[in-house]
Amino acid sequence: MLGNMFAVVALLVGLVGLAFGGDLLVRGAVELSRAFKISTAVAGLTVVAFGTSAPEFVVSMLAALQKQADLAAANVIGSNIFNICAILGVCALFRPLKVHRIATNLEWPALFLASLGLALLFLDRDLVRWEGGVLLAFLAVFLFFRGHLAWKESLEERLKAPATGEKINLKKALFWVLTGMFLLTLGAKWMIRGAVDLAEMFGVSERIIGLTIVSAGTGLPEFAASAIAAIRKHDDIAIGNIIGSNLLNILWVLGSASLVLPLQVDQALAKVDVWWMVAITLLLFALMKTRQQLSRPSGLILLMSYGGYLLYLFSRI
């Protein structure tokens, strides 16, 4: 009885941390984009995405160190599916999201290549150190290229924009970002702790826990950040956060985890779940290209896809 109560309290504490952390992170990211004259899309893809991917990084690294390869891989695969279907689905149902062209022309192709590459690397059911190094190298190339484009965008903005004399408190923006990241990570930790405790009471397998409870828990920072961004009408941050987080989950999180310890994964993860992730990523592109927005029907399609995936998972138990 006390265990159940503690698990519920942990869930509620985590939810509060995620709500406050998401709000601070979005506020700080917007201020940083204004301070450095970069688009909110870049801020969402980098600052917000790195911050909201921190829980996945911590969970997968700890799982790798504890030789729980299935949990490390399932956390990333499940989070990527959850991020696209559940988070963007809910955000689009709340309010249609405009899609920046660079999201479909550059950022999504990078995500798809990373997703497909991971699926191919998983064909032999493991991810060894040199493969993790390849993932991290791909991330470095992408960040360099995207950073170069951001610098050009910033230069153009500086030339076009008239001097307003408005002062932006850079220290305050950095404080918001760092505090938001801290609260998101802490909130996710408590959410995961409570959720896993409840799941273990029902005897659920490590793979299922990773694909559902843990991945949803570590995906809650993304949900908080993207939902608040959508409410504040920063569509670029809402979408860029999800694409960036999914990209970082594959390249940064799994790349780093496999460097610590080569990952040998469950057959179902390698043969089925990772391909679900690839298919969902393809679906996202099709929906984003429709009138360059994620409409309410698109949000419903994404949520129904996630429901279908959950039904598939639990029908196999």
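As a basis for the values below, the full set of heavy atoms in this structure was taken, side chains included, without hydrogen atoms, waters or symmetry mates.
In this structure, F223 places its CZ atom where only 12 or fewer heavy-atom neighbours from other residues, nucleotides or ligands lie under 6.0 Å away. Other residues, nucleotides and ligands contribute only 12 or fewer heavy atoms inside 6.0 Å of the CD atom of Q264. Within a 6.0 Å radius of NZ in K172, other residues, nucleotides and ligands contribute 12 heavy atoms or fewer.
The structure places CG of D266 at 8.0 Å from CG of D273, a figure rounded to the nearest 0.5 Å. Annotation: the span from I87 atom CD1 to I239 atom CD1 amounts to 13.0 Å, rounded to 0.5 Å. With values rounded to the nearest 0.5 angstrom, I250 atom CD1 is found 8.5 Å from L135 atom CG.
The minimum heavy-atom distance linking F138 with A110 is given by the pair CE2-O, 3.9 Å. In terms of heavy atoms, S295 sits closest to P96 at CA-CB, 4.2 Å. When all heavy atoms are compared, the tightest approach of E131 to V128 is OE1-N, 2.9 Å. Between A229 and I237, the shortest heavy-atom contact is CB-CG2, 3.7 Å.
Side chains of N241 and S245: a donor on one and an acceptor on the other come within 3.5 Å. At a cut-off of 3.5 Å, with distance as the only test, no side-chain donor of S215 or N75 sits close to an acceptor on the other residue.
Residues satisfying the ring pair (Phe, Tyr, Trp, His ring centres under 6.0 Å) criterion with F94, sequence neighbours excluded, are absent altogether. Remark: D235 engages R95 in a side-chain hydrogen bond (donor to acceptor under 3.5 Å, both in side chains) (not counting sequence neighbours).
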Show every donor-acceptor pair shorter than 3.5 Å between a side-chain atom in residues 284-291 and any protein atom, with sequence neighbours excluded, or say none if there are none.
{"from": "T290", "atom 1": "OG1", "to": "A286", "atom 2": "O", "distance (Å)": "3.0"}

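Follow the hydrophobic side-chain contacts under 4.5 Å out from L310 and you reach I84 in the same cluster.
A donor-acceptor pair under 3.5 Å links the side-chain atoms of R129 to the main chain of V260, judged by distance alone.
No side-chain heavy atom of T212 sits less than 4.5 Å from a side-chain heavy atom of F82. No side-chain heavy atom of V274 sits under 4.5 Å from any side-chain heavy atom of L269.
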